[in-house]
Colleague: 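The structure that follows is given in the form of structure tokens.
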Amino acid sequence: MSIEEKLIQDFLTLPDDKKIEVIDFVEFLKNRSNKQMDSLMDDIINENIEALRELSKNV
């Protein structure tokens with residue numbers, strides 16, 4: 001059984017209020033991951049701001 005199948009099987013046995021909690025938790029994990037990626041991109045931009053400014057002059 002795959003991880004996905006196990007998750008679906010377990011999910012289907014939960015009462016509706018617990019299903020909502022699982023969905024909320026998945027959304028939390030997705031948002032946390034997006035925020036980490038945004039932070040990483042901000043760091044990359046800040047570390048390379050001068051080079052990016054130089055490149056933009058050539059456009």
Colleague: Can you tell if the side chain of Asp10 reaches within under 4.5 Å of the side chain of Lys6, non-hydrogen atoms only?
Modeller: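 A side-chain contact exists here, since the closest heavy-atom pair is under 4.5 Å.
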Colleague: Just jot down the salt bridge (charged side-chain N to carboxylate O under 4.0 Å, His left out) partners of Glu50, sequence neighbours excluded, or say none.
Modeller: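 Listed in chain order: Arg53.
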Colleague: Hey, what do you get for CG (Leu29) to CG (Asp24), rounding to the nearest 0.5 Å?
Modeller: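 Rounded to the nearest 0.5 Å, the CG-CG separation comes to 11.0 Å.
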Colleague: Would the number of heavy atoms belonging to other residues, nucleotides or ligands and lying under 6.0 Å from NZ of Lys19 be above 12?
Modeller: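 Count over threshold, so yes.
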Colleague: What residues form a salt bridge (charged side-chain N to carboxylate O under 4.0 Å, His left out) with Arg32, not counting sequence neighbours?
Modeller: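 Applying salt bridge (charged side-chain N to carboxylate O under 4.0 Å, His left out) to Arg32 gives none.
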Colleague: Would a hydrophobic clustering, with Ile, Leu, Val, Met, Phe, Trp and Tyr connected at side-chain separations under 4.5 Å, put Ile44 with Met37?
Modeller: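 Looking at the clustering, Met37 is in the same group as Ile44.
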Colleague: Give, for atom CD1 of Ile20 and atom CG of Leu14, the distance between the pair rounded to the nearest 0.5 Å.
Modeller: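 With rounding to 0.5 Å, CD1 (Ile20) is 11.5 Å from CG (Leu14).
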Colleague: I need the Ile8 CD1 to Thr13 OG1 distance, nearest 0.5 Å.
Modeller: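 Reported to 0.5 Å precision, the distance equals 12.5 Å.
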Colleague: Does CD1 belonging to Ile3 count more than 12 external heavy atoms closer than 6.0 Å?
Modeller: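 Counting neighbours around CD1 of Ile3, 12 or fewer heavy atoms of other residues, nucleotides or ligands fall under 6.0 Å, so no.
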Colleague: Rounded to the nearest 0.5 Å, what separation is found between the CD atom of Glu47 and the CG atom of Asp42?
Modeller: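 Interatomic distance, Glu47 CD to Asp42 CG, rounded to 0.5 Å: 11.0 Å.
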